[in-house]
Amino acid sequence: MAQDPTTIAFRFGYGLPLPDGAATDEGALMADLGGPDLMAQRHPGMGFTAAMPLLRDIEATRKAQKNDPAKKPQYREAIRVSDRAALGAAKASFARAVDGADGFRERLVRFWGDHFSTTARKRQLALLPGTLIEDAIRPNIALRFGDMLKAVTLHP
């Protein structure tokens, strides 16, 4: 059943106004989904490989400041660096939704990210839920569900 572009913008994307080049019918939405992830290239997020050095630094400085209270400022700085990285990843996520002509992809990424991800229980681990989305969900969004499920399950 054909739908008007306004309905498609709200049902399958992030609403109006439609960015330039946005798909306005179901076939074009599916074609865009199978194409390259241009918004991930334009607004890169942080994967697990990039997050690991920050997480290791937090853990190392946490242990050091337990034995030497004078090292507490280094621990706090490691937390601030991680917080800035997590904020940058959140900004990239919003920028992708607002800037991209491929709203359907962003809507699916948000849906599956919400479905599979967890909330970090500690501030030090705030980067981890976003790495799951970057490494396991985004690359598999247009593939078979089983492939995404396997990637999500095996993600660190």
Side-chain angles (χ1 to χ4, degrees), residues 9-19 22-23 29-30 32-156:
F10 283 99
R11 186 167 289 164
F12 301 112
Y14 276 93
L16 295 174
L18 283 173
L29 287 170
M30 294 307 293
D32 285 351
L33 188 60
D37 189 349
L38 300 175
M39 287 300 98
Q41 295 169 11
R42 188 178 298 166
H43 304 287
M46 180 178 279
F48 187 76
T49 304
M52 270 317 292
L54 298 174
L55 296 172
R56 283 189 186 117
D57 190 37
I58 289 171
E59 184 60 17
T61 57
R62 184 188 69 77
K63 286 180 180 177
Q65 65 97 27
K66 282 178 90 174
N67 297 328
D68 182 3
K71 295 190 177 192
K72 192 165 190 148
Q74 290 144 339
Y75 174 64
R76 287 183 179 157
E77 181 57 26
I79 294 288
R80 279 193 286 275
V81 168
S82 176
D83 287 348
R84 283 192 296 271
L87 180 60
K91 286 180 179 180
S93 176
F94 283 110
R96 291 170 179 168
V98 172
D99 191 29
D102 192 1
F104 186 47
R105 178 188 312 266
E106 298 309 319
R107 189 86 177 253
L108 285 176
V109 168
R110 177 76 60 202
F111 172 80
W112 288 115
D114 185 48
H115 181 76
F116 284 120
S117 68
T118 59
T119 303
R121 298 182 101 189
K122 296 180 180 179
R123 182 176 173 196
Q124 298 92 321
L125 302 176
L127 288 173
L128 289 180
T131 67
L132 176 76
I133 292 168
E134 292 301 317
D135 295 340
I137 295 173
R138 283 194 87 80
N140 293 296
I141 200 73
L143 302 178
R144 295 176 333 127
F145 176 76
D147 296 334
M148 183 189 316
L149 182 61
K150 183 177 179 183
V152 166
T153 304
L154 296 176
H155 188 269

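Hydrogens, waters and symmetry mates are skipped; everything else that's a heavy atom, side chains included, is used.
The ring pair (Phe, Tyr, Trp, His ring centres under 6.0 Å) test applied to Tyr75 returns no partner, not counting sequence neighbours. For Arg62, the side-chain hydrogen bond (donor to acceptor under 3.5 Å, both in side chains) partners two or more places apart in sequence, or in a different chain, are Glu59. Evaluation of the side-chain hydrogen bond (donor to acceptor under 3.5 Å, both in side chains) rule for Ser82 yields no partner, not counting sequence neighbours. Arg121 meets the side-chain hydrogen bond (donor to acceptor under 3.5 Å, both in side chains) test with no other residue; sequence neighbours excluded. By the side-chain hydrogen bond (donor to acceptor under 3.5 Å, both in side chains) test, Asp135 is found to be paired with His155, residues two or more places apart in sequence or in another chain being considered.
Two residues are said to be in side-chain contact when any heavy atoms from C-beta on lie closer than 4.5 Å; Arg138 and Ile133 meet this criterion. Within the 4.5 Å cutoff, no side-chain heavy atoms of Phe94 are placed close to those of His43. For the pair Thr61/Ile79, no side-chain contact is recorded, criterion being any heavy-atom separation below 4.5 Å from C-beta on.
Residue Arg84 qualifies as enclosed at atom CZ: its count of foreign heavy atoms under 6.0 Å is above 12.
Considering every non-hydrogen atom in both Gly113 and Ile137, the closest pair reads CA-CD1, 3.5 Å. Taking every heavy atom of both residues into account, Ala70 and Pro73 meet most closely at O-CD, 3.2 Å.
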Stepwise side chain to side chain contact (heavy atoms under 4.5 Å, CB included) check, Gln41 with Asp37: CA-CA 7 Å; Gln41 295 169 11; Asp37 189 349; 5.7 Å; no
Check against side chain to side chain contact (heavy atoms under 4.5 Å, CB included), Arg105 and Asp32: CA-CA 8 Å; Arg105 178 188 312 266; Asp32 285 351; 5.7 Å; no
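Taken to the nearest 0.5 Å, the CD1 atom of Ile58 stands 11.5 Å off from the NZ atom of Lys122. Note: Leu149 CG to Thr153 OG1 = 4.0 Å, rounded to the nearest 0.5 Å. Here the CG atom belonging to Asp83 is positioned 13.0 Å from the CZ atom belonging to Arg76, to the nearest 0.5 angstrom.
Glu77 and Lys71 are not joined by a salt bridge, as no carboxylate oxygen comes within less than 4.0 angstrom of a charged side-chain nitrogen. Salt bridge absent: Arg96 and Asp102 never bring a charged side-chain N and a carboxylate O closer than 4.0 Å.
Listed by first and then second residue, the ring-ring contact (aromatic ring centres under 6.0 Å, His included) pairs that reach into residues 109-150 are Trp112-His115, Trp112-Phe116, Trp112-Phe145, sequence neighbours excluded.
Side-chain atoms of Asp68 do not come within 3.5 Å of backbone N or O of Ala64 as any donor-acceptor pair.
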